[in-house]
Amino acid sequence: DAAALWEAIQSLPCAEDAVKGARRDAVCQAEPALLDDATKRAHALNNIAKTEEGLTKLYAVTESAEEDNFYATKALRAALADPSFDPDPLRSAMEEFRRVCTFFSPAAKSLLEQARTLLELWTRRKRAEELRTQLRRSVRSVLDLEAARRAAEQWPAPPKELRGVEEPEVKTLKRLVAEGEPLGGILGVDIVEAAAVLQRHLWAIAQTPPPSDAYRKDAFDGEVRCLKIGERLGWWTKRE
């Protein structure tokens, strides 16, 4: 936006002195080239805006193939500068640009290549944000399942019928973690936490309870005695 850029230029502490011809190195010591770069960009934006305005007026009264190319290029450039980084408008603008343009100049090919790069980046970023929400929800579900097992004293070793069985909550988390690992640089701690919770639960469902000590010799010394031992020792034989 040229107007916003001009407003920002006027707000620079060195702008007024620079216009008056004061020494630039004494006024803008921190960023000596900042004002020059901003001024050049503002003039370029003004020229682009004037050219587009003139072409818009021309195409309003004429019919030509250049008109479609002009509007397709304008829409694609606007989508490339979308501050919301939404890949959907960019994808639509790219499709329209390919449909309208019958000849791709080096500038058009460069513009499409830039659009492809941004489309891939924005698509990954959008999917990463969706995955972040899904991962957090799935982690809570698996943790609730773990808490219920602990309350029922079935942790870490599950009941025999559930040993090695992955519940639907665990399968969902496993799928999300597999999809989110390539996006670890964007997901950060969320994918690390989800992977840790998944690994702990998969370890738990593979555990078996410790062997029972019911047949150990010293287990017969308590109040409960084995019937076979009593029979062998004659405890149950009627004596006269």
Side-chain angles (χ1 to χ4, degrees), residues 79 82-92 94-95 115-240:
D82 184 8
S84 64
F85 310 117
D86 189 352
D88 296 331
L90 180 57
R91 185 179 295 106
S92 300
M94 290 177 62
E95 293 174 355
R116 290 191 196 97
T117 302
L118 285 181
L119 179 62
E120 181 180 356
L121 176 61
W122 292 357
T123 301
R124 286 167 56 88
R125 183 179 297 176
K126 182 178 181 180
R127 179 53 186 154
E129 292 305 317
E130 295 172 350
L131 268 177
R132 190 188 308 277
T133 302
Q134 295 174 0
L135 278 171
R136 291 176 178 177
R137 186 185 304 117
S138 182
V139 165
R140 284 196 297 269
S141 299
V142 174
L143 289 178
D144 290 342
L145 183 62
E146 178 180 332
R149 290 275 181 83
R150 290 180 183 274
E153 298 183 354
Q154 297 177 351
W155 185 271
K160 184 177 181 180
E161 63 273 11
L162 296 178
R163 197 172 302 157
V165 176
E166 296 181 3
E167 294 86 345
E169 297 87 348
V170 180
K171 291 181 179 179
T172 300
L173 182 59
K174 190 175 184 179
R175 175 180 57 81
L176 293 175
V177 168
E179 184 180 357
E181 283 179 344
L183 303 174
I186 304 176
L187 294 172
V189 68
D190 290 291
I191 187 64
V192 174
E193 179 187 15
V197 171
L198 175 64
Q199 184 178 6
R200 182 172 71 239
H201 200 87
L202 293 178
W203 166 83
I205 63 177
Q207 301 303 303
T208 57
S212 173
D213 59 355
Y215 294 99
R216 288 173 49 189
K217 181 179 179 181
D218 54 356
F220 303 146
D221 296 335
E223 296 181 356
V224 180
R225 288 177 166 80
C226 179
L227 295 178
K228 289 186 177 180
I229 294 295
E231 182 179 357
R232 183 160 58 84
L233 297 178
W235 291 347
W236 324 124
T237 303
K238 184 177 179 180
R239 298 181 182 180
E240 297 183 3

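Because the structure is a prediction, the values reported are computed rather than measured. Atom set for the values below is all heavy atoms of this structure, side chains included, hydrogens, waters and symmetry mates excluded.
Contact check for Leu202 versus Gln199: no side-chain heavy atoms found under the 4.5 Å cut-off. Residues Leu135 and Val177 are in side-chain contact: their nearest non-hydrogen atoms beyond the backbone lie under 4.5 Å apart. Counting heavy atoms from C-beta on, the side chains of Glu179 and Ile191 never come closer than 4.5 Å. At least one side-chain heavy atom of Arg91 sits under 4.5 Å from a side-chain heavy atom of Thr123. Residues His201 and Leu173 are not in side-chain contact: their nearest non-hydrogen atoms beyond the backbone lie 4.5 Å or more apart. Counting only heavy atoms from C-beta outward, the side chains of Asp82 and Leu90 never approach each other to under 4.5 Å.
Within a 6.0 Å radius of CD in Glu153, other residues, nucleotides and ligands contribute 12 heavy atoms or fewer. Residue-environment remark: CD (Gln207) exceeds the threshold of 12 foreign heavy atoms within 6.0 Å.
The shortest heavy-atom contact between Pro182 and Arg124 is O-NH2, 3.8 Å. Listed here is the closest heavy atom pair of Ile186 and Ala128: CG2-CB, 3.6 Å.
Salt bridge present: Arg132 and Glu129 bring a charged side-chain N and a carboxylate O closer than 4.0 Å. With respect to the salt-bridge test (charged N to carboxylate O, under 4.0 angstrom), the residues Glu146 and Arg150 qualify.
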